[in-house]
Amino acid sequence: MSISDEFREFINRGNVVDMAVGIIVGSSFVKIVDSLVNVLFNPLLGFLVGGIRLRGFSWKIRDDLVIEYGEFLNSIIDFFIIAFSVFLFVKGFNALKNRYTQPQKSEKKRTCPFCASEISLRATKCPYCTSTLEIE
């Protein structure tokens with residue numbers, strides 16, 4: 001098998017295509033969350049803390065050495081907002097998925113006294129031996 005055949009087989013596998021789709025959707029989701037953070041959460045947070053802009057915080061050691069730690073603090077806050085948003089999204093998605101994939105609650109059963117088959121508690125007639133049963 002040539003290297004080009006192996007590469008073609010590798011690319012055509014489902015997991016590689018799924019990964020590519022995941023990366024594309026993930027990068028689009030990052031844009032949405034960045035917009036959410038920059039347009040909604042950062043102004044709201046700035047309002048709540050009295051209009052303080054973290055990006056302007058810096059520590060001047062010398063004229064040619066300035067440490068801009070405000071940008072770092074802002075990145076930390078952005079990270080936690082993004083992580084919390086992703087957490088809520090995944091939690092909501094899993095709840096929605098579980099709502100439709102959870103098995104139905106199993107009905108309690110009893111044993112037919114005539115044929116020893118397992119039947120519903122609500123049954124008045126055994127579906128296996130057709131004996132009439134008393135409701136318990």
Hey, is CZ on Phe29 packed in by over 12 heavy atoms from elsewhere, all under 6.0 Å? yes
Would you say Tyr69 has more than 12 foreign heavy atoms packed within less than 6.0 Å of its OH? yes
Interatomic distance, Trp59 atom CH2 to Leu65 atom CG [nearest 0.5 angstrom]: 8.5 Å
Are there over 12 heavy-atom neighbours, none belonging to Leu96, within less than 6.0 Å of that residue's CG? yes
Judged by atom type as modelled, is there a donor-acceptor pair below 3.5 Å linking the side chain of Ser35 to the main-chain atoms of Lys31? no
dist Ile24:CD1 -> Met19:CE (nearest 0.5 Å) comes out at 10.5 Å
Val30 and Ile32: same hydrophobic cluster, using ILVMFWY side-chain contacts below 4.5 Å? no
Answer with yes or no whether the hydrophobic clustering places Ile61 together with Phe57; edges join I, L, V, M, F, W, Y residues whose side-chain heavy atoms lie under 4.5 Å apart. yes
Where Leu133 and Cys126 come nearest, the two heavy atoms and their spacing: CD1-N, 3.7 Å
Glu68 CD to Lys60 NZ distance, which is reported to the nearest 0.5 Å: 12.0 Å
State, yes or no, whether a side-chain contact exists between Phe84 and Leu88 at a heavy-atom distance under 4.5 Å. yes
Distance, nearest 0.5 Å, that separates CZ of Arg110 from CD1 of Ile119: 4.5 Å
Rounded to the nearest 0.5 Å, the OG atom of Ser120 sits from the NZ atom of Lys109 at a distance of 6.0 Å
